[in-house]
Amino acid sequence: MSELPARARVVIIGGGIVGVSGLYHLAKAGWADCVLLEKNELTSGSTWHAAGNVPTFSASWSLMNMQRYSTELYKRLGAEVDYPMNYHVTGSLRLAHTQERMQEFQRVKGMGRYQGMDIEVLGVDELKGRYPFLETHDLKGALYDPNDGDIDPAQLTQALAKGARDMGAKIVRFCAVTGVRRDGDEWVISSEKGEIRCEYVVNAAGYRAQEVGRMFGREVPMAVMSHQYMLFEEIPELAAWYKEKGHKLPLLRDVDSSYYLRQEKTGMNLGPYERNCRAHWHTADDPMPADFSFQLYPDDLDRLEWYLNDAVERVPMLGTAGLSKIINGPIPYAPDGNPLIGPMPGVPNAFEACVFTFGIAQGGGAGKVLAEWIIEGQTEWDMWSCDPRRFTDYTDVQYCVDKAMEIYGNEYAIHFPKHMWPAARDRKHSPIHDRVKALGGQFGAFNGWERANWYAHEGDDTSEAASETFEREGPWQRRVREECIAVRDKAGILDLPGFSRFKVSGNGARAWLAGLITGLIPKPGRIGLAHFADEKGRIVTEMSVMALDGEDEFMLITAAVAQWHDRDWLVKHLPADSVVKITDVTTQHSCQILTGPASRTILSAVTTADLAKGWLTHQAAEIAGRPCHLVRVSFAGELGWEIHSRIEDTPVIFDAIWQAGKPNGLRPFGMFALESLRLEKGYRAWKGDLSTDYTVLQGGLDRFVKWEKEDFVGKAALSKEKQAGVKKRFATLTVEGCEFDAPYMSTIWLGDTIVGETTSGGFGHRIQKSIALGMLRSDLHEPGTKLEVEIFGKRYPATVQADEPLWDPQNERIRA
């Protein structure tokens with residue numbers, strides 16, 4: 001049994017697949033002075049009872065990257081570390097009962113092709129050739145992934161552990177962590193075997209991650225679900241086929257019925273994700289045990305009956321098999337089903353690599369990502385989909401349980417672009433939520449804040465089922481079009497609660513900010529768009545910088561969901577001896593956007609402010625006797641103002657504007673309309689068009705780079721890229737002949753060559769065209785260049801547009 005060293009560079013808490021993979025990848029990168037602490041034996045948490053499936057399939061670009069890397073690693077790992085591995089690459093079939101499912105498969109096939117994977121979409125007549133025991137009469141087709149398979153979780157973990165140890169890393173088992181404290185720039189980890197000091201610490205504690213997180217003052221957003229799978233005895237028909245063919249059947253997933261069916265030796269393994277699911281360890285009468293190592297929950301057969309019957313109808317030979325065993329174990333779930341990998345919010349030199357629902361499939365990639373976060377402070381792929389800071393203060397226990405049950409029961413569900421999941425809603429309301437709702441607002445959640453996506457009229461179909469489509473022309477589309485036209489011709493008002501806001505002040509604040517952004521800091525009384533790059537020149541975030549009255553006083557405004565991410569970026573770059581102060585004032589204010597050619601007339605009826613002030617200015621004002629701040633910008637691309645007010649003053653201000661606006665054609669508009677309006681202006685959206693997958697120059701943000709500045713974060717990398725030539729660059733395309741708009745990461749083709757990818761897409765109602773923003777090979781940016789965009793497996797004609805807005809290219813309307 002290993003003894004606890006006094007010091008390490010990194011301490012990882014948790015010895016499941018993810019923690020051990022992190023240790024392995026750190027050691028492989030040359031960081032061998034690392035220690036992993038496990039309270040019991042390796043794999044004693046969720047890893048030991050995991051089914052061990054290893055898919056690459058994902059509708060998320062970053063998760064697909066991570067899972068693809070896992071499959072590549074697992075194929076070579078046994079030989080690499082000299083450890084025996086049971087890894088069966090069998091391929092898999094995902095069955096489709098609907099045309100919408102086939103569309104999803106076509107999209108994933110395109111993403112997989114871009115990542116170098118040969119994923120196929122099969123017709124019904126091709127399925128029996130891949131899976132002869134399958135009933136196909138009610139199917140539309142299937143997706144075939146040749147890289148899918150299964151692996152022994154314990155062997156995999158032990159192989160990674162051996163590799164890590166061989167490179168000098170240390171694993172200390174039966175060593176429960178009891179507490180942590182900060183001592184200067186070090187962490188001190190207390191355990192049953194004493195204390196260990198380290199520079200970095202990682203919470204990789206799996207379903208016990210919340211327990212460990214509380215040692216850091218962190219409430220990890222998660223719940224623990226009960227997941228069951230059934231093992232069946234030998235099936236003679238399958239045994240005979242296996243003997244004849246010499247290979248296993250592909251892993252079968254009936255995703256519309258919500259289960260997987262896998263050959264296990266000469267028997268079967270059936271794993272449902274049932275709607276009538278159960279969460280554990282979140283109530284006083286069901287507390288988490290002090291130790292649940294290598295333990296299981298009691299069987300819960302009633303939950304499984306429907307899925308077993310459905311699987312027998314799909315593969316009739318399953319009905320002849322005897323039931324051998326039921327595994328019912330704990331699996332952690334984050335509120336969106338994705339893991340938590342990255343910096344621990346608000347905690348220096350602490351990271352999370354926990355809450356993995358598919359830890360075996362993602363474990364290899366997770367170790368790579370974790371090591372990059374720790375060593376480089378950044379990752380190869382943009383990993384916002386897994387960043388712990390994507391959740392903020394609204395994720396209480398009940399929220400996490402409600403979302404976990406919703407995600408688990410819809411594990412294989414299609415994620416439609418306009419569909420809003422109904423569980424755990426209404427966590428944060430705008431101060432005028434009641435008014436927005438009374439006007440017909442149909443809401444979506446943005447960092448917990450309820451915002452109207454569109455405004456329904458009497459008789460409109462607002463059912464959840466109506467939004468489960470990829471088609472552009474859903475029941476919302478007529479109203480979104482009307483909202484956009486109102487903004488174009490008269491005026492619209494958008495309630496926009498939840499903007500993240502940071503007040504920055506103190507001697508040297510201007511100089512400090514100037515060193516963080518690529519562009520210039522605006523002068524007092526003005527507002528500017530600022531882009532923050534990392535050391536590689538990649539886009540970290542975008543904020544509006546409002547220069548207040550003092551030379552060193554600013555308000556930074558950023559996306560609602562970016563609150564903890566952007567706060568941490570600012571704090572991370574603040575020198576220890578700085579007197580600059582950063583204050584999060586997000587919850588003190590709300591915002592409304594008033595925009596359209598009549599907006600000045602409407603405002604003039606309710607304020608004496610100077611409405612002749614130009615674009616990109618701001619001023620303190622009063623509306624109906626209540627203080628506010630008028631900011632002369634509009635993400636909609638029309639004459640307009642953002643109206644920032646204290647929470648308590650917002651209802652009075654809205655009511656005054658609404659009354660003044662009625663004679664001038666004022667209409668409420670929602671987030672769907674704003675998305676359409678911003679696409680027509682070519683405005684980038686964070687973590688779609690703006691992400692660390694792209695550099696500032698690739699993002700087409702050259703005008704925001706001031707090379708004459710002495711230095712700023714990322715300048716050296718961007719200068720080098722500029723000299724070498726930017727290989728791909730942001731472009732705007734219009735797409736013809738398609739009733740769908742381009743999803744994120746749709747491929748762009750020139751003949752038979754992939755030349756780029758879309759980063760967002762939608763319909764522009766002012767120009768009456770489908771728009772795709774994306775990244776395109778730099779030699780193809782000549783306006784009028786003819787290309788194709790692949791949307792759900794079909795290619796549609798697309799035309800490259802000039803590097804200017806599609807609507808009001810000279811910005812005459814916005815400057816009016």
Salt-bridged, [X] to [Y], with N to O below 4.0 Å?
| X | Y | result |
| --- | --- | --- |
| Asp33 | Lys170 | no |
| Lys536 | Glu376 | yes |
| Glu219 | Arg214 | yes |
| Glu195 | Arg181 | yes |
| Glu186 | Arg197 | yes |
| Arg538 | Asp534 | yes |
| Arg427 | Asp396 | yes |

Output yes when a side-chain donor or acceptor of [X] lies under 3.5 Å from a complementary backbone atom of [Y], and no otherwise.
| X | Y | value |
| --- | --- | --- |
| Thr357 | Pro332 | yes |
| Lys28 | Ala164 | no |
| Glu372 | Glu380 | yes |
| Asn410 | Ala413 | no |

Find the distance between CZ (Phe358) and CG (Asn53) and round it off to the nearest 0.5 Å.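 Here the interatomic distance stands at 9.0 Å.
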With rounding to the nearest 0.5 Å, note down the distance linking CG in Leu570 to CG in Asp566.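 Answer for the CG-CG pair, Leu570 versus Asp566, is 6.5 Å.
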Salt bridge (charged side-chain N to carboxylate O under 4.0 Å, His left out) for Glu352 and Arg218? Distances and angles first, verdict last. CA-CA 11 Å; Glu352 292 175 343; Arg218 154 82 164 147; 2.8 Å; yes
Salt bridge (charged side-chain N to carboxylate O under 4.0 Å, His left out) for Arg94 and Asp254? Distances and angles first, verdict last. CA-CA 6 Å; Arg94 288 176 182 260; Asp254 194 330; over 6 Å; no
Between [X] and [Y], how do the two ring planes meet: parallel, tilted or perpendicular, split at 30° and 60°?
| X | Y | result |
| --- | --- | --- |
| Tyr412 | Tyr273 | perpendicular |
| Trp686 | His565 | perpendicular |
| Phe292 | Tyr207 | perpendicular |

Does the ring of Tyr83 carry Lys162 above it, NZ/CZ under 6.0 angstrom from centre and within 45° of its axis?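 The answer is no, since Lys162 fails at least one limit relative to Tyr83.
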Any chance you could lay out the salt bridge (charged side-chain N to carboxylate O under 4.0 Å, His left out) test for Glu264 and Lys325, step after step, and finish with the verdict? CA-CA 12 Å; Glu264 191 76 23; Lys325 185 187 296 185; over 6 Å; no
Take atom CD in Gln295; do more than 12 heavy atoms of anything else shown fall under 6.0 Å from it?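 Check passes, neighbour count above 12.
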Tell me, with the steps shown, if Asp387 and Trp373 meet side chain to side chain contact (heavy atoms under 4.5 Å, CB included). CA-CA 11 Å; Asp387 195 306; Trp373 267 124; 3.9 Å; yes
Please lay out, stage by stage, how Gln263 and Thr90 fare under the test side chain to side chain contact (heavy atoms under 4.5 Å, CB included). CA-CA 10 Å; Gln263 181 179 339; Thr90 61; over 6 Å; no
Please list all pairs meeting salt bridge (charged side-chain N to carboxylate O under 4.0 Å, His left out) that have one or both residues in residues 45-74, counting only residues at least two apart or in different chains.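 Qualifying pairs: Arg68-Glu72.
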Listed once per pair and sorted, the salt bridge (charged side-chain N to carboxylate O under 4.0 Å, His left out) pairs that draw on residues 278-300, sequence neighbours left out: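 Qualifying pairs, neighbours excluded: Asp300-Arg303.
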Show, in sequence, the C-alpha distance, side-chain angles and deciding distance for Tyr259 and Trp306, and conclude whether the ring pair (Phe, Tyr, Trp, His ring centres under 6.0 Å) test is met. CA-CA 11 Å; Tyr259 59 80; Trp306 185 92; 7.6 Å; no
Do the side-chain N and O atoms of Ser62 and Ser385 include a donor-acceptor pair separated by under 3.5 angstrom?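 Yes, because at least one side-chain N or O of Ser62 sits under 3.5 Å from a partner of the opposite role on Ser385.
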Using ring pair (Phe, Tyr, Trp, His ring centres under 6.0 Å) as the criterion, point out the one residue from Phe351, Phe216, Tyr200 that pairs with Trp187.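 Checked Phe351, Phe216, Tyr200 against Trp187; only one passes ring pair (Phe, Tyr, Trp, His ring centres under 6.0 Å): Phe216.
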Evaluate the side-chain proximity of Leu261 to Asn269: yes if any heavy-atom separation is below 4.5 Å, no if none is.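 Asn269 does not reach Leu261 side chain to side chain.
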